[in-house]
Each structure stands twice: as structure tokens, then as C-alpha cells.
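Every number for a ligand or one of its atoms is a count from 1 in the order of the listing. Here the structure is a predicted model, which is why all the values come from computation and not from measurement.
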Amino acid sequence: MNHGEWEYRVGLGEDIHALVPGRRLVLGGVPIAHASGLLGHSDADALLHAVTDALLGAAAMGDIGELFPDDDPRWAGADSRALLEQAMQRLREKGWQVVNVDCTVRAQAPRLAPYREAMRRSIAGALGIGVERVNVKAKTAERLGAVGRQEAIASSATCLLRRPAQR
Ligand code: MG
């Protein structure tokens, strides 16, 4: 390896899930006290799904639906943190390291700012990186659209990967 020579890749992830009564709300792997939760085959953690897709995208390894198909009973009610850890393991096998992850989670309610630090720690822990490499921003949707009507919670994430350049 030639020190100082790195290959870098950037990735983007997006996700949205419907917010419905009678479901647990989990975002960034952190349980959140709320009267409704996200609907989906897994635990429907829209933030972790966006992070997983950003990582897979940067590594050109497809997407979360390809790795963990939602018609596969193995992933029913799956803990999205376990899925993220598995995706990260596949990246490691290809030599990738995470430089940083930046995310935005959009919810009209509940207020997510109090959970932001816990989400950062949870994501950093799943990726095996320092918390200073992970940022989580919480925004409302200014009452616009499905998120603004509290019918959904959406997330986006971007990440930078690096690995020693192959020469
Ligand atoms: Mg999803």
C-alpha cells in the first residue's frame, strides 16, 4: 500500500415509511416515545434504512431491498440495526472504511431533537466508528406533504467511504 493514496466514494440514501397507530417508533436504532410508529416489513427504521442505502450506494453494492428482500420471511420484524451491521460487514470485506455519515430525519411529530445524540451513538456503534464521524439532523416538514400531515417519517443520508487505492 502506498501511504496517502486512497480511493474515495460518496453515497446517498433515502427512505420514507408510513406512520400508523399501534406500531413501535424506532429511529436510528433508538426507541422513541410516540403514539404511533412506522409501518414496514422490518422494524421500519427509516433513518437506519437511509444510512444502509448510503453505504451500499457508495460501495456500488446495490441497495437494502436487494440484500434483505421484504418478501423473505428471514427479515420479517428484523432489527434494522442488525441489517446495517451486516451491510457494514460486507463493505469491510471489500476494504471500505467509513469516513463520515451525515443524515437528516424529517418528522412533524414527535420532536426528535432530544434523541439526536442517542441516534448518533447508535449509528456510530453499528458502523464501528467514532461518534464524531456521524451527524444527525432533525427537521419538521413545515406541515407540508405526507410528513407534514404526520402520515410518514422520511430520512436521507450521505456517507463518504475510503479504502487504500489499488495499484
Ligand atoms: Mg425502509
Of the N, O or S atoms in Asp15, the one nearest the Mg ion (ligand 1): OD2

Heavy atoms of other groups near Arg24 CZ, more than 12 under 6.0 Å: no

Heavy-atom side-chain proximity of Leu91 to Glu93 below 4.5 angstrom: no

Closest His49 atom to the Mg ion (ligand 1) [N, O or S only]: ND1

Polar contact flag, side-chain donor to acceptor under 3.5 angstrom, Ser155-His49: no

Whether Arg106 side chain and Ala141 backbone form a donor-acceptor pair below 3.5 Å: no

The Mg ion (ligand 1) - closest N/O/S atom in His17: NE2

